[in-house]
Amino acid sequence: MPVSPRIEQLRSDLAGGPGVLARFWAEVALTGTPLIEPYDEEQRLVTFLWKEERPVDTVAVIGGPALWWEIPDNQLERLDGTDVWFRTYVVRADHRARYVLSPGDSLEPLAAAGTPEAVARAATFVPDPLNRSPFTLPGVAGDPVSPPQRFSTFALDRATPRDWCAPRAAVPRGAIRETTVASEVLGNERTVWLWESAVQGPDPALLVLLDGRDWNEALPIFPTLDNLVAAGELPPLVAVLPDSVDFTTRARELPCNEGFLQFLTDELLPWARKRTGATGDPRRTVISGKSYGGLASVFAGVRRPDVFGTVIAQSGSFWWSPPGEEPEYLLRQVGRELPVRFCLDVGLQEGDWMIPQTQRLAAALEQSADEVVYREYNGGHDLNCWLAELPTELRWAFGT
């Protein structure tokens, strides 16, 4: 296991009496956690800590460099005779992450997302009490498998900066409308956010951003769009952000669903264009999504290149297939010439279920699409990372 100089110093200082531990925790409270220390030119030491308030047999860190599917390998160690639990990782200096701690963890594999078992297990996880960058996923009211989730985050010194995401005093804000749109095709209704840039122009470009609630409530995207347009990095723009309703509806509608695609092309976009005058030119119509939304976005570009001329897929769930079929259904749908540009990104911490599948799909699209950009970032399946990467991808998409 890598060695933290600060932990080794504490180990050495313990002979100095009972005040040593109190001083250590006071220092940690001032600096925040995890502890970040030098390692070499390209890497840093990252040490997760837990202060034991009650006896526990295990403490695990889940997330960041501690891959969630390898929980037994990510246990913290207790410093003998103290209340200090710790674990140190050597991490590349461009890493951005979210994580939780799990005192008294069972070390069992996590249950499938969206199940009562997964919800019950996640309820035992806690954000790092000494971390200074908390992050909350608000959840979906009334959906028992989508409760609020609280995390801790950190970004190392070479991580993609989030320079565009904070509101700027001198930047005019676009108009935001929140409304409900009903779908005859899908037989349901959902909240939709409609944003129009403060900088106006004829025939504004159009962005469809799936999973609208996340981009509106968890990490709002609108300041990013305001700043990019004001800086001339994006053209005058309309963004339409449809909600995904709840966990079950999302899992049914987003993965390669012809009905959801028809909702986008025949109902949502005509609705948005009527209210904003947004372009009907597919070359200036961009669809972007994350996870299942990334899968849905590429599916939209493959099936309807006459509507969506540019696609951004962040950590797309390209492993997906209908029940009973071989994995990677979408890969088998690529073949004909596509006058579409695709940007596919994936996190280096997303493992064998995400990276090879994204690479294979990018390679297949390269044989038929106008342009394919494959990008990797050093992080996980994480909205914090997607927000950091999206400005670069939007600038590419709109060609400014």
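Values below: all heavy atoms of this structure, side chains included; hydrogens, waters and symmetry mates excluded.
Residues Asp105 and Thr58 have side chains that never bring a donor and an acceptor to within less than 3.5 angstrom of each other. A donor-acceptor contact closer than 3.5 angstrom is absent between the side chains of Gln262 and Glu267. Between the side chains of Glu41 and Tyr39, no donor N or O sits under 3.5 Å from an acceptor N or O. In this model, no donor atom of one side chain and acceptor atom of the other lie less than 3.5 Å apart for Asn131 and Thr33. For the residue pair Trp85/Glu52, the side-chain donor-acceptor check at 3.5 Å is satisfied. With no hydrogens or angles considered, no side-chain donor-acceptor pair links Asn74 and Glu70 at under 3.5 Å. The closest side-chain donor-acceptor pair between Trp193 and Glu178 falls under 3.5 angstrom. Side-chain N/O atoms of Asn378 and Arg158 include no donor and acceptor closer than 3.5 Å.
In Trp353, the CH2 atom is not crowded: 12 or fewer heavy atoms of neighbouring residues, nucleotides or ligands sit closer than 6.0 Å.
When hydrophobic clusters are built by joining Ile, Leu, Val, Met, Phe, Trp and Tyr residues whose side-chain heavy atoms come closer than 4.5 Å, directly or via intermediates, Phe308 is grouped together with Leu268.
The other residues sharing a hydrophobic cluster with Trp25 are Ile7, Leu10, Leu14, Val20, Leu21, Phe24, Val28, Leu35, Leu49, Leu79, Val84, Phe86, Leu130, where clustering joins ILVMFWY side chains under 4.5 Å apart.
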Tabulate below the donor-acceptor pairs under 3.5 Å that side-chain atoms of residues 294-302 make, not counting sequence neighbours, or state none.
{"unit_1": "Ser297", "atom_1": "OG", "unit_2": "Gly289", "atom_2": "N", "d": "3.1"}
{"unit_1": "Ser297", "atom_1": "OG", "unit_2": "Gly293", "atom_2": "O", "d": "2.8"}

Just list the side-chain donor-acceptor pairs under 3.5 Å for residues 385-392, sequence neighbours left out, or say none.
{"unit_1": "Trp386", "atom_1": "NE1", "unit_2": "Ser315", "atom_2": "OG", "d": "2.9"}
{"unit_1": "Trp386", "atom_1": "NE1", "unit_2": "Tyr377", "atom_2": "OH", "d": "3.1"}
{"unit_1": "Glu389", "atom_1": "OE1", "unit_2": "Arg375", "atom_2": "NH1", "d": "3.2"}
{"unit_1": "Glu389", "atom_1": "OE1", "unit_2": "Arg375", "atom_2": "NH2", "d": "3.2"}
{"unit_1": "Glu389", "atom_1": "OE2", "unit_2": "Thr160", "atom_2": "OG1", "d": "2.7"}
{"unit_1": "Thr392", "atom_1": "OG1", "unit_2": "Arg395", "atom_2": "NH2", "d": "3.4"}

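Ion pairing of Arg173 with Glu196 is absent here, as no side-chain N (NZ or NE/NH1/NH2) approaches a carboxylate O to less than 4.0 Å. With respect to the salt-bridge test (charged N to carboxylate O, under 4.0 angstrom), the residues Arg92 and Glu42 do not qualify.
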Inset, instruction - Any chance you could lay out the side chain to side chain contact (heavy atoms under 4.5 Å, CB included) test for Gln357 and Leu330, step after step, and finish with the verdict? - result: CA-CA 10 Å; Gln357 291 81 353; Leu330 184 56; over 6 Å; no
Legend entry - Verdict with supporting geometry, Phe48 and Phe154, side chain to side chain contact (heavy atoms under 4.5 Å, CB included): CA-CA 11 Å; Phe48 296 93; Phe154 69 93; 3.9 Å; yes
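With a 6.0 Å cutoff to the six-membered ring centre and a 45° limit on the axis angle, Arg98 counts as a cation-pi contact of Phe151.
Take Phe260 and apply the ring-ring contact (aromatic ring centres under 6.0 Å, His included) test, not counting sequence neighbours, and it matches Phe263. Every residue meeting the side chain to side chain contact (heavy atoms under 4.5 Å, CB included) condition with Val171, not counting sequence neighbours, appears here in chain and number order: Arg168, Asp226, Asn227, Ala230. Contacts of Ser4 classified as side chain to side chain donor-acceptor pair (under 3.5 Å), with partners at least two apart in sequence or in another chain: Glu37.
Of the possible donor and acceptor atoms, one in the side chain of Asn257 sits under 3.5 Å from a partner among the backbone N and O of Arg252.
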